[in-house]
Protein chains: 2
Amino acid sequence: MDAPPIPPSQIQDVRRFNRLVTRRAGALEDSYLARGRPLGAARLLFEIGGAGADLRELRARLGLDSAYLSRLLRTLERQGLVTLETPPGDARRRRALLTPEGLAERAVYDALSDRLAGSMLTPLDERQRARLLAAMGEVERLIRAACVTVALEPADGPDAQACLLAYYRDLDARFEGGFDVAQANPLPEADIRPPRGAFAVARLDGVAVGCGALKRAAPEIGEIKRMWTAPQARGLGIARRLLRLLEATARAGGCTRVRLDTNRALPEAQAFYRAENYRPAAPFNRDPYADFWFEKDL
Amino acid sequence: MDAPPIPPSQIQDVRRFNRLVTRRAGALEDSYLARGRPLGAARLLFEIGGAGADLRELRARLGLDSAYLSRLLRTLERQGLVTLETPPGDARRRRALLTPEGLAERAVYDALSDRLAGSMLTPLDERQRARLLAAMGEVERLIRAACVTVALEPADGPDAQACLLAYYRDLDARFEGGFDVAQANPLPEADIRPPRGAFAVARLDGVAVGCGALKRAAPEIGEIKRMWTAPQARGLGIARRLLRLLEATARAGGCTRVRLDTNRALPEAQAFYRAENYRPAAPFNRDPYADFWFEKDL
DNA sequence: TGAAATGCCTGACTAAGGTCCGGAAATGGA
DNA sequence: TCCATTTCCGGACCTTAGTCAGGCATTTCA
């Protein structure tokens, strides 16, 4: 669906890159271990943080077994680096807090991390540094983009609903006279549920960061609605992937054409649809928020 | 010497980048372990390679204890993946070779690595892939650049001599009528050795990839000679760092000015010296290979 | 008010990774 | 020829990381 197969040379490039970066980062583990404490305990000091943390939270963040966490905390407690307290309310729970010594130890690890990161920058001049940071940012964005999954989901799920609410809020902020979903053409949930329609959600690390809906406007015409990408996830090609999934769904359902409308306050949306080979179309509805209409043959 | 201190936000950027990339690459270890063999054994299969390897070499490359390596090899031998043979000449040594089964197993690990690398590319469209690969290349180059060390060394060391030979060969290939060091103005080794001069070598992962020399032309005038960067290490700012080290050495030795000459066949060298604030100067020698002369106040 | 669920802890156990020491065979130099 | 050195091998031992079963106190729910 997305692109042709990947040439082996590119695979090799990625593997070489991974090797280099992990080798550099491996130096960090060595410097951590040089403090005479196993890695798990060091990471735990870090995760407890200045404000302390519930054990439940620590287990989730570090992916630790309850028994193992308990033992690690016991050794840190013996070393005088953490204290455990029972938070008010539920006497079954425990909360880990760093002692002043624990905070100092954590600061040492922090400084080690800083030093390693700095050692990747210090030998470079300012132009090289700027280039390195820019390239790192690019790699990071694109790796995150590659982590995004796009799939059809029920529109009444909690994440789907959260996306739709965020979408309405976004429109309300951007449209001249605000946006009220009650004023717009109604879109019953049954219209965007199979077999009549579909709803797609994009997720990054499990959290929903985009959505889009498809409804059947006529026997062979699909209509795209509710296309939204979370602000922090823009520029990762999420809208494109959502749109293509919905188009593929429409095609599989027998549609030969899809259409959509958009508002004048969203110029980037128009540019996006044009880039996806949509062409301007005659107005096909009377939605008060529709200013432009597009369509595309599948 | 190289640049002002690094803002904390940039340090944080680098740390975030390292975290993300190592987390992604950590997935590889999981997929390796899923084959039911400890990581050490898998790595060993890789390092032995198709051609086999001496145990001594394996220990050095993997940083393993002799006993531990011996045990790992024994388990791989029992699984029928490697054979050990005594190479002719020294019957104390052993050489590890992969059996056909071992080669097949190694190919499986190779495919797993390929698949992980591919999974960073497949969700992206072609433009994003190109951007990711370009950014990875940039990060890689600059990280390597940051690994380069530049230091004063004796000019008669083996690596220094190798640099000089490579430099002469380079010139011989690029100059119109070739280059013969015997025809050039002589540069006795004593002139580029403290206290009268200096010799600098740049190293990347231990191997020499660049050099430069400083001699005393007059009580307060230094002269830069033999500036060279290995072809595979160009574009990393190595010449700049060598030059600045030699300039600093000259300044510390009481020089108020440095000068140098260069050949018309090396236009990038002229651009480089101009960028480093050298200005054209009157000819100060009659070297047959000198076409342009530069100088700079320290 | 009792039963089930929750949250943490302890003890027993396992696997991986690795160190230390000594032995055996082969080699090389005096 | 003798002796020190090199190279590999094996046994004993250790730490880290992690699992599993069960226990106890507390909380929640019917």
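Reminder, nothing fancy here: chain letters follow the sequence lines and each chain counts from 1.
Remark: C1' of C:dG7 and CD of A:E57 are 15 Å apart, rounded to the nearest angstrom. The distance from atom CG of B:L39 to atom P of D:dG18 is 13 Å, rounded to the nearest whole Å. In this structure, the CZ atom of B:R74 is 17 Å from the P atom of D:dT7, given to the nearest Å. Rounded to an integer number of Å, the gap from CG of A:D90 to C1' of D:dC24 is 15 Å. Rounded to whole Å, the distance from OH on B:Y68 to P on D:dT7 is 22 Å. Per the geometry, CZ belonging to A:R37 stands 17 Å off C1' belonging to D:dA17, to the nearest Å. For the pair A:L72 CG and D:dT16 P, the interatomic distance rounds to 10 Å; values are reported in whole Å. A straight line from CZ of A:R43 to P of D:dT16 spans 14 Å, rounded to a whole angstrom.
Counting non-hydrogen atoms under 4.0 angstrom, A:D65 reaches a base of the nucleic acid. Using a 4.0 Å heavy-atom criterion, one finds that B:G63 contacts no nucleic acid atom at all. Residue contacts shown for B:L69 are absent, as no nucleic acid heavy atom lies under 4.0 Å away. Within the 4.0 angstrom heavy-atom criterion, base atoms lie near B:R71.
Between C:dG7 and A:R59, no contact under 4.0 Å exists linking OP1 or OP2 to a side-chain N or O. For C:dG7, neither phosphate oxygen OP1 nor OP2 lies less than 4.0 angstrom from any side-chain nitrogen or oxygen of A:R94. Between B:R93 and D:dT6 there is no side-chain N or O to OP1 or OP2 distance below 4.0 Å.
A salt bridge links A:D90 to A:R92: at least one charged side-chain nitrogen sits closer than 4.0 Å to a carboxylate oxygen.
The nucleotide whose nearest atom lies closest to any side-chain atom of A:A91 is, among C:dA16, D:dC20, D:dT27, D:dT27.
Environment of CZ in A:R115: sparse, with no more than 12 heavy atoms of neighbouring residues, nucleotides or ligands closer than 6.0 Å.
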Please list every donor-acceptor pair under 3.5 Å in which a side-chain atom of residues 38-47 of chain A meets a protein atom from a residue at least two apart or in another chain.
unit_1, atom_1, unit_2, atom_2, d
A:E47, OE1, A:R61, NE, 2.4
A:E47, OE1, A:R61, NH2, 3.2

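B:Q128 contributes a side-chain N or O that, together with a main-chain N or O of A:L236, makes up a donor-acceptor pair within less than 3.5 Å.
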With side chain to side chain contact (heavy atoms under 4.5 Å, CB included) as the criterion, how do A:T86 and A:R93 come out once you've worked through the C-alpha distance, each side chain's angles and the decisive distance to 0.1 Å?
CA-CA 6 Å; A:T86 305; A:R93 300 190 166 218; 5.9 Å; no
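Toward the 5' end of DNA chain D, the nearer of the two residues A:L33 and B:R56, judged by each one's closest nucleotide, is B:R56.
At a cut-off of 3.5 angstrom, the base of D:dT6 holds at least one donor-acceptor pair with the side chain of B:R92.
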